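Presented below is the structure to which this report refers.
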Amino acid sequence: MMDKHYSPADIETRLYEEWEASKLFVPRSDGMPYCIMLPPPNVTGNLHMGHAFQHTLMDVLIRYNTMKQKSVLWQSGIDHAGIATQIVVERQLLHKGIKRHDLGREKFIEQVWQWKELSGDSITRQMRRLGTSIDWSDQRFTLDDGFSKAVLTAFSRLHTDGLIYRGQRMVNWDPLLGTAISDLEVISAEEDGILWYFRYPLADNSDHLTVATTRPETMLGDTAVAVHPDDQRYRHLVGKQVALPLTSRTIPIIADEQVDSSFGTGCVKITPAHDFNDYKMGQRHNLPCINIMNADATMNAAVPEEFRDMDRLQAREAVCAALKARGLLEKQHKHRSNIPRGERSKAIIEPRLTKQWFVRATKLAAAAIEAVENDMIRIVPQQWKKVYCNWLHNVEDWCISRQLWWGHQIPAWYDPHGKIYVGLSEEDVRQRYGIQTPLQQDSDVLDTWFSSSLWTFATLGWPTDTPLRKKFHPTDVLVTGFDILFFWVARMVMMSIHLTGEIPFRSVYVTGLVRDEFGQKMAKSKGNVLDPLDLIDGITAEDLVNKRTADTMQDHHAQKITARTRQQFPQGITAYGTDALRFTFCSLSSIGRDIKFDIGRIEGYHHFCNKLWNAARYVLGTVDAPSVSKVVKAQVLADRWIVSQSNKLLGEIERALASYRFDFYAQSLYEFIWHQYCDWYLECAKVKEGHPSILVNTLRVVLKLLHPVMPFISEEIWRRVKPVKDSDYLLHQPFPSPAPECRDEHAEKEFAWLQKLVTTIRELRATFGISPRTALTVYIRSSDNEQLGTKLSEHSTLIASLATLSSISIGEDARQQVVATGIAGDTEVWIPLKDVIDRDSESARLHKLIHQLDKKIANLNGQLTNPQFTARAPQEVVEDIRQRLASAQNDHSRFISQLKIISDL
RNA sequence: AGGCGCGUAGCUCAGUUGGUUUAGAGCACCACCUUGACAUGGUGGGGGGCGUUGGUUCAAAUCCAAUCGCGCCUACCA
C-alpha cells in the first residue's frame, strides 16, 4: 500500500544507491552512439544552482537517449583548476603557518594531491543527489597521466605547427598571485578614485604641461608626454623635452592620434611598461620601456631611492606628496574609473611586460568561426552564434603560461644558452634534438583552460586512436553556460579542429544563469545563494541564516542578509525533493533567458509529484496492476480519447526534446498528467468507463515519459505498476514512440463535446449557487437531436456522473420553464430551477454573455465585410471566420430568446 | 562607445514560420466543496490586450523603424 503523501526522502537515496550498485549507468555496447561530455566541475567546487540546472538538462538528454536504446556515454570528470586549487591549499597551509615557498615545489604539489584525494570529489557526491546517471567508475581528471599526455602532445604539436610561441609581451599580471592571467580572467568594474593633475616643466624651463592621471606612481616610469596632433594648445610643444619630476630624466612630447584632447588637459603621460595603450604608443614612437615594479607590485630599483620597495599604493601617496611639496600638484578631484581586478584574487591587475607562452588564437579562429557559421556546429539558442563569432573575429593571442605550481608544467626545456626545445619529456627532447648539455625545464604551468580545451577528445584517449574516440567523437551536444562561451567553448572548437580535424560537438546548448528572485546573480558575498541540496532536503530558517552569513565578517552586512533571508524564508525551506527540483529547472529553461529562481515553482511541482503519486495510488487501489500484461484495444469513448491524447503527447515530447525545449517537455507532461489523465480520465474510470488495462498502461507510458526528468518517483511507481516480468529499471525500458494510427480524431471531438457539456453544467451550477451534492435534472437539445440522442444514449451515465445529474434528456418543453441556460458548442442546456432562480442575476448573466457575443460578432462581421479580406486571405481562413460568425449568431439568438423568457416571467 | 537580449495578468514565464479562443500556463487571489487517489485536493470565477509611437499587411503580441526602461557582454578616457 502506498503512503497517502509522496515523500521523496524515503526513496531517492535508496534508489540511487541501488542504481549505482547495479552498474545501471555503464554505457551499453550496442546501439547508435550518443555522447555528452560533462563540463568538468572545478575540483574545489561545490554544487551550485548552475550545476544543478545544467546537470538536470544533461541527465534528461542522457536518460532519454538511453531509453531510445542508444549506446550512451556521459563522460564525467574533474578539472584541476590551477589557481583556485592552489589558493585553497595555500590558505590551509597558511593556517598552519607554512608558506608555499617554505615547502618547495615538489612537497607543495604532494600536499595538493593529498587535499585532492580527501575533498576533491565532494562535488561528485553532491551530484549523485541530483540523480545524475553518470558512470562513476569511469571518470577523468585533467592531471591524470592519460590526460596529461594529451596536454603535452597538444602543446608540442601546436608548437611545431607554429601556433604556440614564447614572447615578451604586455600581459595582465596578478601581483598577489604572482602570475600572468588571460584577459578573460580580468574583471573590470567602475570604482571611486581620484584624478590628479601634475605639472611637468619643460626641460628648458620656459613653460610647463599639465598631465592628468589616476595612477601617479607610474609617472616614475614615464617616457613621454603625448598630445593630439591637431590640438592647437600644444602644437608648438611637440618635439620638445619635458623634465620628468622626481627623476633626472627628460622625456619627449609626442603627438599621437590616440590622445583624447577633451579628457583632462589633453596631455597624457606615457608609461609604456605599465599600461596597454601606452605600450602600443611606445612601440609606435620607439619609446623606451622602463619597468618600475617588482612582481609583487612594489617599486623596484628603477625608481629613486626614496620610493623603492614601497607598495604601489603607498608609492602613489608618496609620489603625490613629493610632487605637492614641489608645487607641481595643480589640482585633484574625485573620479570614477574602471579598475581591472583578478577574477580569483580580486587584486588590482598590473599590466606587466614579461616573457610568456601564447597560443596564436588569431590563426586558429578562422576554422572555428567557419564551423559555426556554416552550422556544422549548431548553437542553441541561435543568438549566441553571433556572440561567439564576434568574439573570435576579434580574438587576441591567448596567454597560456601561469607562474604557478599546480598544473601541467610546460614541456619546454632551455639549454645553457637559453635555446628552447619543446617535446613530451626531457628524454624525448634529448632524443629528438640530440642534446647532451644540461637542460632546464620551464618552471611555469599551463592555464587550466588549455587542458580543458582538449576535453572532448583527450578524455577519449587522444592522441591514441582509441575505439572509444572513433565511436563517440565528435560528441553530440555540449550543455554549458554562456559565461564560458569564450573561456571554454570557443577554445575547444579551435583545438579540436586543429588537433583532430574534427569538431568537438555537433550542438551547443547554451544556458542562462540561475539568479535569485530579484534577478541578481547568486553570490556568497550577497548572501542570496540557494543550495540545490537545501531545496531537495529542506533546511530550517535558522540553519539557512547561519549558512548565508558564515563567510561574512561585517556585522551590518550579516544583519542585512539575515533580515532578507528571514523575510523570504520565514519557515526555512521545505524538502521538495530532487524530482521537483529537476522538473522546475526544465520548466524554467525557456530559450536563452536567465532564470529567476522562483520558490513558488518548485513548490508547485512538488505538489505535482504528489498528484502523480496519488493517481498511482488510485490505480493500484482499483487494479492489480502487475498482472496486467495485455492491453486491450480501446472501445469506449474515454479509452479511445486517452489513448489518442497520450499519442499526441508522445509527438509533443519528441518534438520538444529534439529542439531542446525542456520547458515544453515538462509542460506537456504536466498538462497531460494533471488535466487529462487525473482530471478526466480517472474520473471516467471511476464509473467503469475505462478499461483497467488502459488505465494501467497509460500510467506506465507516462512514467516512461517522465523518467528522464523525474527519475526517482517514476521508478518508484513503476515498480508497483510494471508487468511482473519487466525490469525494475525504467532506464531499461524503450522510450515510447508516437504511433499515428492511435490518433482518433473522432474520439477527441466527441470527448471535447462531452467535456464542454459537463463544464457548462458545472458553470451553471456554480453561478446559481447550487450545492455540488444536489443531483440535477438537465435538458439538452441541438439542431440535430437525432445525433444528439445517439451520443446521449452512449454517454448519459458518464455525463451524469461527471456533472452530478439525476437525469439528462432531450427536451424541447423545458424551454418554457424557469431555467438556467447555457450553450456547449452546438448543444443547448437547460436546468429547471423552480425555486432557486434569481431572475435578476440570471438576466444579468445573460446580458453579459450577449454583450460578449455582440463584440465578437461585430469583430467577425468587420472582417467579412471587408472586401480586401475576402479577396486576399486564404479561403480556409475566410471560411473559418464565416463559420465562427454563424455559430456566434446562433448562440446570440438563443440567449436573446432565453432572456425574453426570463423577463416575461 | 559598440554589440546582444528583454519589457505579455499581482509574481514567474509560454506564445514556434503573422490568421481556429474573448491572448495562455503555473503560482497568488475570490467563492463554494472535508464526495474513499490527492485539501500537497476538487469545482467555478475575477484579472492583462501584449512598454510607447508610428509603419508594412486583408490581418501584428508576432515583421520593420523610432523611442523609453531594464539587464548583460565587449572595448575603453589616461
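Treat the numbers as computed from the prediction; the structure is a model and nothing was measured. Note on naming: letters A, B, ... go to the chains in the order of the sequence lines (proteins, then strands), and numbering restarts at 1 for each one.
Between the side chains of A/E763 and A/T760, no donor-acceptor pair is found at a separation under 3.5 Å. Residues A/S182 and A/N172 bring no donor and acceptor atom of their side chains to less than 3.5 Å of each other.
A sub-4.0 Å separation between OP1 or OP2 of B/A37 and a side-chain N or O of A/K686 is present.
Put simply, CD1 on A/I881 is 7 Å from C1' on B/G19, counting in whole angstrom units. One interatomic measurement links the two molecules: CD of A/E683 to P of B/A37, which rounds to 8 Å at whole-angstrom precision. As a whole-Å value, the separation of A/I713 CD1 from B/C38 C1' is 12 Å.
Residue-level contact check: A/D278 touches neither bases nor backbone, having no heavy atom under 4.0 Å from any strand. Using a 4.0 Å heavy-atom cutoff across all strands shown, A/R765 reaches no nucleic acid atom at all. Residue A/L682 is in base contact, counting any heavy-atom pair closer than 4.0 Å across all strands shown.
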Where do N or O atoms of nucleotides 39-43 of chain B meet protein N or O atoms at under 3.5 Å, pair by pair?
residue, atom, partner, partner atom, Å
B/U40, O4', A/H607, NE2, 2.9
B/U40, O2', A/N610, ND2, 3.0
B/U40, O2, A/N610, ND2, 3.4
B/G41, OP1, A/H607, ND1, 3.3
B/G41, O3', A/K611, NZ, 3.1
B/G42, OP1, A/K611, NZ, 3.0
B/G42, OP1, A/W674, NE1, 2.6

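Checked against the 6.0 Å centroid criterion, the rings of A/Y509 and A/F662 qualify as a close aromatic pair.
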- Query: Where along nucleotides 6-14 of chain B does protein come under 4.0 Å, by heavy atom, of base (B) or sugar-phosphate alone (S), with - for untouched nucleotides?
  - Reply: S-----BSS
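A/L184 is not listed as a side-chain neighbour of A/W398, based on a closest heavy-atom distance of 4.5 Å or more. Using a 4.5 Å heavy-atom cutoff, the side chains of A/Y576 and A/L581 are not in contact.
Ring geometry for A/Y681 against A/Y677 counts as parallel: the plane angle stays under 30°, on a 0 to 90° scale with 60° as the upper cut.
Contacts between residues 615-623 of chain A and RNA chain B, counted as heavy-atom distances below 4.0 Å, involve A/A615, A/R617, A/Y618.
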